[in-house]
Protein chains: 2
Amino acid sequence: MRAVVIDEGGLRLDERPDPVPGDTELLIEVRAAGLNGADMLQRRGGYPSPPGVPADIPGLELAGEVIAVGHQVTRFSPGERVMGIVGGGAQAERCVIDESHALGVPEGLGWSEAGGFPETFCTAFDALFSQAALGAGERLLVTGAAGGVGTAAVQLAHAAGAVVVASVRDERSRGALVPLGADEVIGPDEVPARGPYEVVLELVGAASVPAALGALATGGRVVVIGIGSGGEVQFHLGQLMALRARISGSTLRARDRTAKAVVVEAVRRHVVPNLAAGRLRVPVAETFGLDEAERAYERFAAGGKVGKIVLVAR
Amino acid sequence: MRAVVIDEGGLRLDERPDPVPGDTELLIEVRAAGLNGADMLQRRGGYPSPPGVPADIPGLELAGEVIAVGHQVTRFSPGERVMGIVGGGAQAERCVIDESHALGVPEGLGWSEAGGFPETFCTAFDALFSQAALGAGERLLVTGAAGGVGTAAVQLAHAAGAVVVASVRDERSRGALVPLGADEVIGPDEVPARGPYEVVLELVGAASVPAALGALATGGRVVVIGIGSGGEVQFHLGQLMALRARISGSTLRARDRTAKAVVVEAVRRHVVPNLAAGRLRVPVAETFGLDEAERAYERFAAGGKVGKIVLVAR
């Protein structure tokens with residue numbers, strides 16, 4: 001098979017042997033694989049793969065057809081359309097995925113959308129609801145809201161009855177967030193003036209955390225799941241104490257097989273039905289071929305896009 | 001009545017009119033009132049009193065006899081021995097307290113112990129169980145474990161089946177923590193080598209937070225309730241993300257009447273019975289008269305003590 005390979009910080013297409021599915025795994029003919037912030041870190045050598053995952057083939061989410069299954073697999077059969085999360089290796093023509101990390105692709109959903117859904121929506125759902133316990137009527141600030149996780153979070157929070165304020169850096173992205181469910185779209189420097197927020201979903205990094213803390217309500221929760229702009233943070237603990245607030249961090253990739261399956265199961269139950277019904281959508285900013293990975297990564301890093309950058313395998 | 005009064009950073013005994021109990025309040029003849037870290041901050045002007053509380057009389061906890069009650073009071077009658085938490089004003093001969101913030105003093109418990117119990121045990125119980133959700137079998141690190149909140153936390157966590165590591169600065173305090181339930185007592189510089197800890201109760205301040213984060217288990221929780229050594233903290237958010245960890249802060253005093261009543265009710269149910277049965281105790285390091293407040297505060301700040309410093313009113 002052909003695979004995107006990280007080679008001294010660059011990306012190139014290379015020939016690799018097909019992966020072999022383990023007992024509980026599906027072998028997937030990949031049709032689409034979304035890009036994520038973690039791919040950018042991995043490309044720079046800053047985000048090593050977990051054990052059992054190809055070290056130099058990036059890609060944390062995919063959609064495609066099942067072409068073979070391990071002998072303990074019970075949920076999926078060859079020929080089915082699936083999408084799901086993997087620890088790496090998705091940006092290739094074939095990839096294996098644990099069946100507990102895979103979801104059926106709803107009828108009518110295109111490959112690009114399906115390939116950009118799993119990591120993004122699993123990450124956003126888990127951060128908002130499992131980590132931050134966002135509830136109806138609460139006020140949420142999403143920083144860096146125009147990206148894949150941000151557009152997922154805005155939609156999920158809106159659908160759950162939260163009041164959503166989306167913060168975006170690029171003026172051009174503003175108009176796209178309102179149709180997704182943002183009650184208000186602001187620039188990053190406007191953050192402290194709004195609020196107070198019960199929950200802040202931090203997708204930018206350390207630089208915007210002090211402002212987020214300053215705009216937090218009593219009992220507020222900051223969940224950090226993106227630190228693309230840097231991770232070294234400084235603040236006064238008295239701020240947390242006075243508000244009985246908390247700041248937490250989370251990644252999907254570092255979790256073990258069972259913990260990931262729990263997240264995927266929650267998304268199967270609470271998110272996929274709304275995706276199938278057209279109440280949620282996966283905004284795809286642009287697609288690239290596998291042989292255009294370098295350009296796709298540059299596009300991802302450049303900003304100013306709304307939604308996902310997706311590699312299309314064939 | 002006579003009251004300890006903060007006067008340009010110093011403390012002196014002054015004459016004040018007796019407070020008048022509101023509808024839901026008890027007027028207390030104070031017998032003992034414990035000192036807390038917040039008193040030190042308030043004395044330096046750094047911790048203003050909440051509304052409705054005397055601005056210049058310190059004291060967040062007391063024990064004494066009920067001498068009058070507001071006309072909506074249902075739980076207590078004149079003559080009863082009570083202890084409880086107030087927003088300030090406890091370090092005086094008389095003080096008012098909301099009945100929902102008061103607890104009956106168990107038979108056989110001395111006034112000094114009762115006066116050093118409420119703020120300390122409410123703070124420790126709330127931080128460990130309501131904030132950090134500490135469970136049996138989990139490993140807890142208590143920094144600054146020799147003080148009032150620390151000795152309460154060590155006992156409460158031990159009684160709940162946690163594995164307790166107590167960190168103390170003063171060599172002389174080490175021996176006292178084991179009889180209270182510490183499985184291990186370490187010096188502050190030993191922290192990073194032990195662990196991992198599911199929960200860290202941070203009673204010292206910002207300086208020990210990076211080490212605590214470094215010793216945290218996956219899913220770990222740091223709860224900051226004391227920042228006597230300083231509050232400005234710096235760390236890398238990637239640490240929180242990789243561990244799916246969180247850091248939160250809390251104070252009891254900033255909460256509203258209902259939120260405080262919830263904490264006191266939990267302590268009434270889960271802590272007071274064990275105190276009454278002798279399974280928990282209130283270590284009192286030293287007592288001082290109301291007219292010795294200045295010396296008592298100096299003793300509190302000096303460190304090297306185990307348990308509470310308590311002012312005895314008569």
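Because the structure is a prediction, the values reported are computed rather than measured. Every chain is numbered from 1, with letters handed out A, B, ... down the list of sequences.
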Are [X] and [Y] side-chain neighbours, meaning at least one heavy-atom pair lies under 4.5 Å?
X	Y	answer
B:I247	A:L240	yes
A:R246	B:V223	no
B:V233	A:Q234	no
B:V209	A:L237	yes

Subject >> Contact winner vs chain B - A:G238, A:G231, A:G230, A:G205, heavy-atom pairs under 4.5 Å >> reply: A:G231
Subject >> Which of B:S248, B:A242, B:A206 touches chain A most, by non-hydrogen pairs under 4.5 Å >> reply: B:S248
Original post:
Of the backbone (N, CA, C, O) and the side chain (C-beta and beyond), which part of B:V222 lies under 4.5 Å from a heavy atom of chain A, both, or neither?
Top reply: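 For B:V222, no heavy atom lies under 4.5 Å from chain A.
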Original post:
Is it the backbone or the side chain of B:R253 that comes under 4.5 Å from a heavy atom of chain A, or both, or neither?
Top reply: neither
Subject >> Reported CG-to-CZ distance for the pair B:D126 and A:R244, which is rounded to 0.5 angstrom >> reply: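 That separation rounds to 8.0 Å.
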